[in-house]
Amino acid sequence: MGTHGYAKPGGASVPIPRDTGPICHNSGSPSRSEFAIGLLDRETGRPQAVSRVLSHPAITDSGTDASFDAVVVGAGFAGLYMLHRLRELGFSTRVYEAGSGVGGTWFWNRYPGARCDVDSLEYSFSFSEELEREWQWTERYASQPEILSYLNYVADRFDLKRDIHFDTQVLSAVFDETAGRWSISTDRGERVSASFCIAATGCLSAARVPDFEGIEEFRGMTYHTGQWPHEGVDFTGQEVGVIGTGSSAIQSIPNIAVQALHLFVFQRTPNFSVPARNGPLSPEAVQDWKANRAKYRNLAKATPFALLLEHGEKSALEMEPADRQLAYEARWQRGGLGLLATFSDLILNKQANDTAAEFVRSKIRSIVLDPTVAEKLVPRDYPLGTKRLCVDTGYYETFNRENVSLVDLRATPIQRITAAGVRTSNANYRLDSIVFGTGFDAMTGALRNIDIIGRAGATLKQKWSDGPRTYLGIMVAGFPNLFTITGPGSPSVLSNMVVSIEQHVDWIADCLAYLREHNISRIEPSLEAENRWIAHVNEVADYTLFPLADSWYTGANIPGKPRVFMPYIGGVGVYRQECEEIVAKNYAGFVLSAPAR
Ligand code: N01
């Protein structure tokens with residue numbers, strides 16, 4: 001058993017289990033399968049049939065168009081860096097990307113006000129010192145257009161686009177046991193084979209519109225924040241409804257409100273949000289970062305969330321109330337996610353969390369002038385931070401505008417969407433446009449949308465029917481040579497994604513180099529290692545307050561999705577150390593096999 005692990009209150013730790021056991025390989029063949037697609041028509045913004053399902057034939061390795069060492073699915077931060085590393089190692093690689101350009105999340109999420117709520121200097125690649133010297137971020141938090149420009153700059157600078165097939169969706173990936181290769185088919189009819197299949201599909205890329213009755217009858221325009229039209233949307237003179245109050249809606253609502261004739265915000269669950277306090281980056285901050293980048297990058301890697309937050313070491317409950325209040329106020333004034341790190345136990349101890357939650361509640365009451373509206377905006381039924389803490393610019397203030405109304409769906413639920421707008425249990429709202437800020441089938445949706453068939457004809461969908469199962473969030477037992485960058489079971493969405501992406505990409509690239517060097521053709525986790533890892537992921541989550549919330553972290557936002565806490569909350573520092581130790585022990589917990597003779 002390992003000696004390091006996730007720190008519990010009181011200094012004890014949850015040990016990370018270790019495994020080296022082997023598994024047997026079975027044979028089997030793929031079968032016909034189905035592939036589900038998104039809900040809003042990307043060109044017209046109008047709803048498509050709610051459960052349109054295509055079917056396509058399963059494929060085998062024979063008759064493929066081309067062979068590669070690796071196929072990478074997705075050209076966001078993860079896919080781009082993966083391609084770069086594979087190129088450096090001399091692996092032939094093809095990348096498939098559903099969008100018409102690079103960027104992934106930052107290609108699709110173009111809603112008004114979209115920006116990252118991690119500091120731009122930290123939310124950027126660290127692998128190239130030259131790149132860091134060349135690129136200038138302009139604001140504390142980079143806007144979506146600036147991040148997309150950055151990713152295009154990266155793709156051009158490292159000449160990555162020539163290996164990326166855009167506007168191409170991967171439909172299936174089937175492991176051919178005899179050949180020991182993946183067969184990958186796309187919606188453009190391409191079929192290629194590869195020794196390694198690497199999913200860089202993102203954690204929040206399967207946009208989701210709830211199955212509202214009557215949605216196809218609506219005569220106005222509909223938009224999803226995660227599939228926003230590239231040419232933008234002008235809401236001037238319109239009655240607009242935004243459904244949802246998660247991070248995306250909270251960023252877009254203040255911007256839509258200044259355009260719309262009237263904005264109705266349909267809120268089911270109020271969210272905690274803290275001010276961003278965005279602004280131009282000072283030349284001093286940039287200079288300091290550039291002078292000390294290596295030190296800052298290394299520090300971030302060892303922190304729980306890969307963020308350079310100042311982590312308070314005391315319990316919130318040790319403090320005198322007045323001092324505690326001053327500490328929260330200082331974080332509130334600084335802006336951003338740092339509020340959650342004010343004390344050491346805010347995500348571990350409900351009583352401690354209550355002090356922070358009450359602080360934010362009092363802020364909401366002080367900002368929102370109408371006390372009835374303020375009370376509706378106050379979150380009550382989950383601890384602060386256990387649904388993703390939102391970061392806003394003027395969100396609560398927006399409810400002081402005369403052209404903004406809050407519709408409390410807990411009191412008056414949506415009954416249906418009509419031709420003219422939204423009908424709740426007590427009113428009809430006439431709308432020109434509906435914006436769905438209703439989130440994503442997070443962490444597993446994009447992977448489940450691909451027909452992935454591993455050994456013995458086992459499908460990933462079946463394997464994950466009770467929740468995702470992985471080893472380290474990187475690989476899945478039964479699916480040899482398939483890698484999932486920031487997959488479920490890794491810190492991913494509970495960290496600065498770019499840091500976690502770089503860590504996974506480097507781990508995978510080093511792994512492929514190791515396999516080549518040792519003439520190993522196949523790698524796959526043992527079932528025992530996977531089981532122990534998932535038990536550990538759950539055990540650690542259960543030490544925190546996270547499971548108390550109905551969040552997308554647990555799949556609770558999707559009716560029928562198994563309720564499992566999907567990311568690893570043990571901390572990126574601990575996790576990185578674990579990944580490195582596994583490698584040092586010659587890939588403990590993985591089964592490595594030589595080519596068949
Ligand atoms: O999605 P969400 P999001 N009827 O799932 C509501 C990242 N991100 O796109 O809470 C009515 O958080 C749902 O209500 P409820 C970030 O990690 C980052 O906003 O389920 N309402 C909720 O209010 C974030 O967490 C950034 O009751 C329904 C909303 O829709 C993640 O992406 C910016 C409903 C969905 O909120 C996802 O954020 C944006 C229904 N049937 C996003 N179904 C930055 O870095 C759902 N809702 C700044």
Side-chain angles (χ1 to χ4, degrees), residues 39 50 77 104-106 108-120 122-123 140-144 147 202-213 215 223-228 241-253 264-276 278 305 307 335-337 377 379-382 385-393 395 406-417 422 424 434-443 445 486 492-498 549-559 561 566-567:
L39 296 171
V50 167
F77 268 98
T105 285
W106 300 105
W108 296 108
N109 288 266
R110 297 170 188 241
Y111 58 82
R115 70 174 66 244
C116 185
D117 53 21
V118 172
D119 286 54
S120 53
E122 297 181 54
Y123 191 82
R140 175 177 177 187
Y141 300 108
S143 66
Q144 175 272 331
I147 300 173
C203 297
L204 293 157
S205 42
R208 174 186 168 265
V209 175
D211 194 359
F212 290 115
E213 200 186 327
I215 192 168
Y223 307 94
H224 189 287
T225 51
Q227 292 181 337
W228 204 258
V242 173
I243 302 181
T245 49
S247 294
S248 306
I250 280 179
Q251 283 191 326
S252 55
I253 281 166
F264 296 93
V265 176
F266 294 90
Q267 170 192 273
R268 188 165 66 181
T269 311
N271 240 316
F272 289 103
S273 188
V274 293
N278 186 37
F305 305 110
L307 294 171
L337 295 167
L377 287 166
R380 289 188 178 79
D381 49 8
Y382 58 93
T386 55
K387 276 163 100 79
R388 168 66 146 68
L389 185 61
C390 300
V391 179
D392 73 274
T393 300
Y395 174 65
L406 181 66
V407 181
D408 177 3
L409 298 181
R410 292 269 180 230
T412 57
I414 292 177
Q415 287 187 333
R416 59 173 292 129
I417 290 179
V422 169
T424 64
I434 300 177
V435 173
F436 292 101
T438 45
F440 301 87
D441 184 352
M443 308 207 65
T486 62
S492 62
V493 293
L494 292 174
S495 67
N496 174 349
M497 284 299 292
V498 185
D550 286 336
S551 67
W552 57 258
Y553 296 135
T554 63
N557 63 323
I558 307 280
K561 190 166 173 173
M566 295 182 283

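Quick note: residue numbers are just sequence positions, from 1. In listed order, ligands and their atoms are each counted from 1. These numbers come from the heavy atoms of this one structure, side chains and all, not from hydrogens, waters or symmetry mates. Just so we're clear, the structure is a prediction, and the values are computed from it rather than from any experiment.
- Residue Leu409 approaches ligand 1 through these ligand atoms, each under 4.0 Å from one of its heavy atoms: 11 (C).
- A donor-acceptor pair is defined here as one N or O able to donate and one able to accept, closer than 3.5 Å; such a pair exists between the side chain of Asn557 and the backbone of Phe440.
- Applying the side-chain hydrogen bond (donor to acceptor under 3.5 Å, both in side chains) criterion to Tyr141, with sequence neighbours excluded, gives no partner residue.
- None of Lys387, Met566, Arg388 except one satisfies the side-chain contact (heavy atoms from CB on, under 4.5 Å) rule with Tyr553; the exception is Arg388.
- Atoms of ligand 1 lying under 4.0 Å from any heavy atom of Leu204, numbered from 1 in the order shown and given with element: 7 (C), 17 (O), 31 (C), 32 (O).
- Of the candidates Gly437, Gly244, Pro210, it is Gly437 that places a heavy atom closest to atom 35 (C) of ligand 1.
- Of the heavy atoms in Arg208, only side-chain atoms (C-beta onward) come closer than 4.0 Å to ligand 1.
- Contacts between Lys387 and ligand 1 below 4.0 angstrom, taking non-hydrogen atoms only, involve the side chain exclusively.
- The protein atom (non-hydrogen) at minimum distance from atom 25 (O) of ligand 1 is Trp552 NE1, 2.9 Å.
- Closest approach of Val209 and Thr438 over heavy atoms only: CA-OG1, 3.8 Å.
- For ligand 1, the atoms sitting less than 4.0 Å from at least one non-hydrogen atom of Ser247 are 8 (N), 16 (C), 19 (O), 24 (C), 25 (O), 33 (C), 39 (C), 42 (C), numbered in the order shown with element in parentheses.
- Between the side chain of Lys561 and the backbone N or O of Thr554, no donor-acceptor pair lies under 3.5 Å.
- Of all protein heavy atoms, the one closest to atom 38 (O) of ligand 1 is Ser248 OG, 3.8 Å.
- In terms of polar-atom proximity, Asn271 is not counted as a contact of ligand 1, lacking any N or O under 3.5 Å from an N or O of the ligand.
- Atom 18 (C) of ligand 1 has Arg388 NH2, 4.0 Å as its closest protein atom, hydrogens excluded (heavy atom only).
- The aromatic rings of Phe436 and Phe212 sit parallel to each other, their planes meeting at less than 30°, with 60° as the upper class boundary.
- Near Cys116, meaning under 4.0 Å from any of its heavy atoms, are these atoms of ligand 1: 45 (O).
- Residue Asn557 places no N or O, backbone or side chain, under 3.5 Å from any N or O of ligand 1.
- Atoms of ligand 1 lying under 4.0 Å from at least one heavy atom of Gln251, given by number and element, are 33 (C), 48 (C).
- Using 4.0 Å as the threshold, Thr438 has a heavy atom nearer than that to some atom of ligand 1.
- With respect to atom 1 (O) of ligand 1, the closest heavy atom belonging to the protein is Gly439 CA, 3.2 Å.
- Residue-level proximity to ligand 1 for Tyr111 is carried by the side chain, the only part with a heavy atom below 4.0 angstrom.
- Judged purely by atom type and a 3.5 angstrom limit, Gln251 has no side-chain atom pairing as donor or acceptor with the backbone of Asp392.
- Taking a cutoff of 4.0 Å between a charged side-chain nitrogen and a carboxylate oxygen, Arg140 and Asp119 qualify as a salt bridge.
- Put simply, the side chain of Ser492 never gets that close to the backbone of Pro567: no donor and acceptor are under 3.5 Å apart.
- One N or O on the side chain of His224 and one on the backbone of Arg208 form a donor-acceptor pair closer than 3.5 Å.
- Contact between Ile250 and Ser273 at its shortest, heavy atoms only, is CG2-OG, 3.8 Å.
- For atom 40 (C) of ligand 1, the nearest non-hydrogen atom of the protein is Arg268 NH1, 3.4 Å.
- Those atoms of ligand 1 that come under 4.0 Å of a heavy atom in Phe440, given as number and element, are 9 (O).
- Looking at atom 48 (C) of ligand 1, its nearest protein heavy atom turns out to be Arg115 O, 2.8 Å.
- Between Asp117 and ligand 1, at least one pair of N/O atoms sits closer than 3.5 Å.
- The shortest heavy-atom contact between Cys203 and Met497 is SG-CE, 3.9 Å.
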Name the atoms and distances for all side-chain donor-acceptor pairs under 3.5 Å in residues 409-416, with sequence neighbours left out.
unit_1: Arg410; atom_1: NE; unit_2: Arg268; atom_2: O; d: 3.0
unit_1: Arg410; atom_1: NH2; unit_2: Thr269; atom_2: OG1; d: 2.5
unit_1: Thr412; atom_1: OG1; unit_2: Asp408; atom_2: O; d: 3.0
unit_1: Arg416; atom_1: NH1; unit_2: Glu213; atom_2: OE2; d: 3.1
unit_1: Arg416; atom_1: NH2; unit_2: Glu217; atom_2: OE1; d: 2.8
unit_1: Arg416; atom_1: NH2; unit_2: Glu217; atom_2: OE2; d: 3.0

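- Taking atom 36 (O) of ligand 1 as the reference point, the nearest protein heavy-atom neighbour is Gly246 CA, 3.5 Å.
- In this structure, Thr386 contributes its side chain and Ala549 its backbone to no donor-acceptor pair below 3.5 Å.
- For ligand 1, the atoms lying closer than 4.0 Å to a non-hydrogen atom of Phe212 are 4 (N), 40 (C), 41 (N).
- Set against the non-hydrogen atoms of Thr269, the atoms of ligand 1 under 4.0 Å away are 10 (O), 15 (P), 27 (O).
- Under 4.0 Å from ligand 1, heavy atoms of Thr245 appear from its side chain as well as its backbone.
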